Colleague: 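Structure below; questions to follow.
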Protein chains: 2
Amino acid sequence: MATTRRRSGPRPETAARRREILQAALEIFGQKGYNNGPLAEIAEQVEMTHAGILHHFGSKDRLLVEVLRYRDESDVEGLDEQHIPGGTELFRHLVRTAFANEERPGIVQAYAVLSAESVTDGNPGRAYFEERYTTLRGEVADALREMCAERGIDSPDTVARASASVLAVMDGLQVQWLLDRDNVALAEASRFAIDAIVTAVLDPRPSPLGDDLP
Amino acid sequence: MATTRRRSGPRPETAARRREILQAALEIFGQKGYNNGPLAEIAEQVEMTHAGILHHFGSKDRLLVEVLRYRDESDVEGLDEQHIPGGTELFRHLVRTAFANEERPGIVQAYAVLSAESVTDGNPGRAYFEERYTTLRGEVADALREMCAERGIDSPDTVARASASVLAVMDGLQVQWLLDRDNVALAEASRFAIDAIVTAVLDPRPSPLGDDLP
DNA sequence: TAGAACTTACAATGCTGTCAGTAACAATTT
DNA sequence: AAATTGTTACTGACAGCATTGTAAGTTCTA
């Protein structure tokens, strides 16, 4: 005999509250890293106790995973939105994002710190970043292939290397920028490097370093 | 009246013992990060208690600083040795190092994790990395200027952007590689990107992305 | 024989996670 | 419409562990 079950689910305001927590967590993890960013501090920022946060997310590990997903869903970063424009437009978008990021060092730092931390022993964010890089490289590669096709070029190896390189410069420059925010060359470098890499794909030239390297 | 002081200083074997500790610390910090890498674990690896390590280095903070300096002194990395060959040779050296690094993921990881961690609140390694990047950018810039001079080119802005970009790709690619070690494109990408960036300095071409960006 | 190189023991803190309880609320019953 | 009742969203207290650093004592050796 099936008794009539009483179900209520989360209350209307809870979704918003959780977003507040995720936002606060992003800030704290950004400033102090995941391992060094205590739940209590996140809790304090949303006027709650740390037990309250654990009520919502179960564990600190799960909170991190949700934080990373949250950053994707909201257009906080904007780098990898659902709908990516093809061809040239993607790179123009990347360059604009790089400039826009100057206004939000918090998110930039969170991303830089958490991605590097993710490669350490048993870090709960690792799977997220593995997948993320794979996806992003794929998107950049698609855009490059499209540009190649328009010009009647085909060079799969080059496209793969270039995709990784584009993401790498952007990440690497962010770390340097976080250590030296007044250095204008760092802000301008993304534009320069992306141009250089895309050009090398579309219009390859002989290496200035010789051809006898490993 | 100056009494004859009895001074002993460190014992002969101590220097070697400290190097053992630094090596162990580099490994542990590399695997788990600084914040998450306990002294006890480092101590265990050199068959000592954590108090023994504190006897030698005073505090965990000071140990980190010594670890970073140690990595420079020993040719562990090889990237920034005392005597850097000028011009083209520097870039050839960078490319070789990138390939060689495939054999030592431990050090690569230590570097990637610790540099990113250094941008967090009150991290004791921050000053080290700030200085390191400034120095390295300077060295790359010198090499680029030399190459420019040989070809009668002069473009200070470009040189500054390119120097930062070269270091950035290398660092960024390392993080991606740590997350996906079987991806051969990642190993080959440094070579590709460095070529692309150096070429863009020596032989600039119009941007494929248009000139209307921020 | 003083000082170097430790060890053991411990103090002090900080952190995550659990548990029991409380207040508010939403769904159901009366 | 009011009373009922299960559920949600917490709090406060605390267990339990990990970690850094200190202090006192021991052994060895220059």
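Remember, it's a predicted structure, so these values are computed and weren't measured experimentally. Letters A, B, ... are given to chains in the order of the sequence lines, protein chains preceding strands, and every chain is numbered from 1.
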Colleague: Over how many whole Å does the gap from His55(A) atom NE2 to dG12(D) atom C1' extend?
Modeller: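 Rounded to whole Å, this separation is 16 Å.
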Colleague: dT19(D) P sits how many Å from Ile28(B) CD1, rounded?
Modeller: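 Going from Ile28(B) (CD1) to dT19(D) (P), I get 11 Å.
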Colleague: For a quick check under 3.5 Å, do Asp72(A) and Tyr128(A) share a side-chain donor-acceptor pair by atom type?
Modeller: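 Looking only at side-chain atoms, Tyr128(A) and Asp72(A) do form a donor-acceptor pair, the distance falling under 3.5 Å.
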Colleague: Look at the side chain of Arg11(B) and the base of dA4(C), then say whether one donor and one acceptor between them are separated by less than 3.5 Å.
Modeller: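 Present.
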Colleague: Is the distance from OP1 or OP2 of dT11(D) to the nearest side-chain N or O of Thr49(A) less than 4.0 Å?
Modeller: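 True: Thr49(A) side-chain N/O within range (under 4.0 Å) of dT11(D) OP1/OP2.
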Colleague: Between dA18(D) atom P and Glu44(B) atom CD, what is the distance in whole Å?
Modeller: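 My rounded result for the distance is 13 Å.
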Colleague: Consider the side chain of Met48(B), meaning its heavy atoms from C-beta on, and name the nucleotide among dG12(D), dA5(C), dC6(C) that approaches it most closely.
Modeller: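 Closest nucleotide among those given: dC6(C).
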Colleague: Quick one: Asp121(A) CG to dA18(D) P, roughly how many Å, whole number?
Modeller: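 My rounded result for the distance is 16 Å.
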Colleague: Nearest to the side chain of Pro38(B), which nucleotide is it out of dT16(C), dT8(C), dT20(D)?
Modeller: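 From the listed options, dT20(D) comes nearest.
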Colleague: If I take atom CZ in residue Phe57(B) and atom P in nucleotide dT22(D), what distance separates them, rounded to the nearest angstrom?
Modeller: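 Atom-to-atom, Phe57(B) to dT22(D), this comes out as 16 Å.
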Colleague: Whether Thr14(A) contacts dA9(D) is assessed here as follows: a side-chain N or O lying under 4.0 Å from the phosphate OP1 or OP2. Is that the case?
Modeller: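 Yes.
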Colleague: For a quick test of reading the model: is some side-chain N or O of Arg17(B) closer than 4.0 Å to OP1 or OP2 of dC6(C)?
Modeller: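 Yes, within the criterion.
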Colleague: Can you measure His50(B) atom NE2 to dT7(C) atom C1' for me and round it to whole angstrom units?
Modeller: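 Those two atoms, NE2 and C1', are 11 Å apart.
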Colleague: Where each residue is assigned the nucleotide of DNA chain D containing its nearest heavy atom, which of Leu39(B) and Pro12(B) is assigned the position nearer the 5′ end?
Modeller: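 Counting from the 5' end, the first nearest nucleotide belongs to Leu39(B).
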Colleague: Please check if the side chain of Thr14(B) supplies one atom and the backbone of Pro10(B) the other of a donor-acceptor pair under 3.5 Å.
Modeller: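 Here the side-chain-to-backbone pair does not exist.
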Colleague: If you measure from CG on Leu209(B) to CG on Asp195(A), what distance do you get to the nearest 0.5 Å?
Modeller: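 If I round to the nearest 0.5 Å, the distance is 5.0 Å.
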Colleague: Taking the nucleotide of DNA chain C with the closest heavy atom to each, which residue, Pro10(B) or Ala51(B), is nearer the 5' end?
Modeller: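 Whichever sits nearer the 5' end wins; that is Pro10(B).
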Colleague: In whole Å, I'd like the distance from the CD atom of Glu13(A) to the C1' atom of dC25(C).
Modeller: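 Those two atoms, CD and C1', are 11 Å apart.
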Colleague: Let me spell it out: for each of Leu54(B) and Ile53(A), pick the nucleotide of DNA chain D with the closest heavy atom. Which residue's pick is nearer the 5' end?
Modeller: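 So the residue in question is Ile53(A).
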Colleague: Please check if any side-chain donor atom of Gln45(B) sits under 3.5 Å from a side-chain acceptor atom of Glu41(B), or the reverse.
Modeller: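 No donor-acceptor contact under 3.5 Å links the two side chains.
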Colleague: Give His56(A) one of three labels, base, sugar-phosphate or nothing, depending on what nucleic acid heavy atoms sit under 4.0 Å from its own.
Modeller: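 Touches sugar-phosphate only.
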Colleague: Taking atom P of dG14(C) as reference, at what distance in whole Å does atom NZ of Lys32(A) sit?
Modeller: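 Distance, rounded to whole Å: 11 Å.
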Colleague: Any side-chain donor paired with an acceptor under 3.5 Å for Arg191(B) and Ser207(A)?
Modeller: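 Yes - a donor-acceptor pair under 3.5 Å links their side chains.
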